[in-house]
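A short worksheet on the structure shown next.
Start at 1 and go down the list; that is how both ligands and their atoms are numbered. The model shown is predicted, which means the values in this text are computed figures rather than measured ones.
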Amino acid sequence: MIDLRSDTVTRPTPAMRRAIAEAPVGDDVLGDDPTVAALERRVAETLGKEAAVFMPSGTMSNQVAIRAHTEPGDEILVEATAHCYFYESGGPAALAGVMCRLLAGTRGLFTAADVRAALRPRNLHFPPTKLVCVENTHNRGGGAVWPLAQTAEVADAARQAALALHLDGARLWNASVATGVPEREYARHFDSVSVCFSKGLGAPVGSALAGTAAFIARARRFRKMFGGGMRQAGLLAAAALYALEHHRDRLAEDHAHARRLAEGLAALPGIVLDPATVETNLVLFRVTAMPAPDLAARLQEAGVHVLASGPDTIRAVMHLDVSETQAEEAVAVFRRVLAG
Ligand SMILES: Cc1ncc(COP(=O)(O)O)c(C=O)c1O
């Protein structure tokens with residue numbers, strides 16, 4: 001089976017498992033775990049922030065960030081297909097008690113004008129708007145990368161309105177590898193940045209939230225409240241550190257495999273895909289040959305596992321456990337299945 005459902009399906013390599021086995025650990029809720037502390041320092045440094053806190057998941061990292069930036073009754077501005085709104089089970093409403101004001105994006109990206117158009121007068125009729133959320137790369141946008149200039153313009157518009165900015169950088173590593181722009185260059189426009197180790201980097205578990213020391217101290221309290229205080233979490237942090245050290249640069253291979261898949265698929269009847277839209281490791285395309293769930297089911301029978309992301313859209317994702325040969329084999333399987 002060639003599993004292209006997500007970059008979260010990777011399994012730890014033997015070397016990563018050794019790093020996990022050898023990690024020094026302690027009770028991290030009591031502040032004793034040296035491996036977690038090392039990971040948090042490393043993430044803060046990579047993102048150019050004062051501090052970071054290890055999180056069990058990208059979802060918790062985003063939801064803790066939203067909670068820490070707001071109070072119940074506030075409003076946040078978020079793109080309509082952003083993960084923290086679309087796929088996190090109603091977290092902003094349930095956990096932070098905030099209203100989400102949705103911005104209409106193009107492949108998940110919006111503009112400074114969109115932010116300005118959503119601003120409200122500050123008076124008692126309206127919820128106080130507190131936060132703008134950005135996602136780079138954008139998951140439902142097909143792995144789209146935010147141009148740095150557009151990021152800066154959105155950040156300027158938000159700052160002029162005294163709004164805080166959160167970056168969901170679950171795949172920020174992919175954006176940096178694709179563009180050559182260091183993670184900290186993107187991160188510097190944001191008050192908080194969430195990154196994941198369990199996606200393209202191939203660690204089994206874990207994310208981190210970075211920001212000022214004061215913000216991260218507040219985030220730690222909400223992490224505990226949300227049930228995310230983990231004890232000997234150094235076992236997981238060791239995998240994340242290993243992934244950062246050894247699996248970051250190789251993301252370029254995933255991007256090359258995604259482009260190859262996109263070029264192969266674009267030539268097939270019944271698929272609508274512009275390969276130029278494939279900037280990172282996600283390949284999102286429209287299916288006209290049959291309903292997307294039917295095609296996904298037929299592909300699975302033929303040995304390629306993908307996810308229908310809508311009634312007529314499919315997402316295929318490249319990752320650490322997909323070789324170049326498998327990327328090419330996947331195109332051949334699509335061709336056979338579409339030929340009926
Ligand atoms: C952009 C983005 N943010 C956050 C998450 C949530 O991560 P997790 O599955 O670790 O909760 C995902 C998961 O795929 C994602 O794609």
Got a sec, which residues hit side chain to side chain contact (heavy atoms under 4.5 Å, CB included) with A302, two or more places apart in sequence or on another chain? V333, V337
Check this for me - ligand 1, G58, N or O atoms closer than 3.5 angstrom, yes or no? yes
Can a non-hydrogen atom of E88 be found less than 4.0 Å from any atom of ligand 1? yes
Might you confirm whether atom CZ of R122 has over 12 heavy atoms from other residues, nucleotides or ligands at distances under 6.0 Å? yes
Any nitrogen or oxygen of T8, main chain or side chain, under 3.5 Å from a nitrogen or oxygen of ligand 1? no
At a 4.0 Å threshold, what atoms of ligand 1 neighbour a non-hydrogen atom of S57? 10 (O), 11 (O)
In the protein, which heavy atom is nearest to atom 13 (C) of ligand 1, and how far is it? K199 CE, 3.0 Å
Any chance CZ of F215 has more than 12 other-residue heavy atoms, nucleotides or ligands included, within less than 6.0 Å? yes
Ligand 1 atoms nearer than 4.0 angstrom to some heavy atom of N139 are 14 (O), 15 (C), 16 (O)
Give the contacting part of A170 toward ligand 1: side chain, backbone, both or neither, where contact means a heavy-atom distance below 4.0 Å. side chain
Please state whether the rings of F110 and W146 are parallel, tilted or perpendicular, taking 30° and 60° as the class boundaries. perpendicular
Determine whether the side chain, the backbone, both or neither of M60 has a heavy atom under 4.0 Å from any heavy atom of ligand 1. neither
Pair E79 + R101: basic N to acidic O under 4.0 Å: no
Atoms of ligand 1, numbered as shown, that sit under 4.0 Å from any heavy atom of D168: 1 (C), 2 (C), 3 (N), 4 (C)
Hey, is R250 close enough to D254 for a salt bridge, meaning N to O under 4.0 Å? yes
Could you tell me whether the side chain of Q63 reaches within less than 4.5 Å of the side chain of E88, counting heavy atoms only? yes
Would you please test E75 and K130 for salt bridge (charged side-chain N to carboxylate O under 4.0 Å, His left out) and show each step? CA-CA 6 Å; E75 176 181 71; K130 290 286 178 64; over 6 Å; no
Would you call H138 a ligand 1 contact, heavy-atom distance under 4.0 Å? no
Heavy-atom nearest neighbour in the protein, as seen from atom 15 (C) of ligand 1, with distance rounded to 0.1 Å: H83 CD2, 3.2 Å
N or O pair under 3.5 Å between S207 and ligand 1: no
So, regarding T137 and ligand 1 (criterion: nitrogen or oxygen to nitrogen or oxygen, under 3.5 Å), is there a contact or not? no
Salt-bridge contact R116-E153 (side-chain N to carboxylate O under 4.0 Å): no
So that I can tick it off, tell me whether E71 and R218 are bridged by a salt bridge, with the cut-off set at under 4.0 angstrom between side-chain N and carboxylate O. yes
For N62, take its heavy atoms, then give the atoms of ligand 1 lying under 4.0 Å from any of them. 3 (N), 4 (C)
With heavy atoms under 4.0 Å as the rule, classify the contact between T59 and ligand 1 as side chain, backbone, both or neither. both
Please write down residue, atom name and distance for the protein heavy atom closest to atom 1 (C) of ligand 1. E135 OE2, 3.2 Å
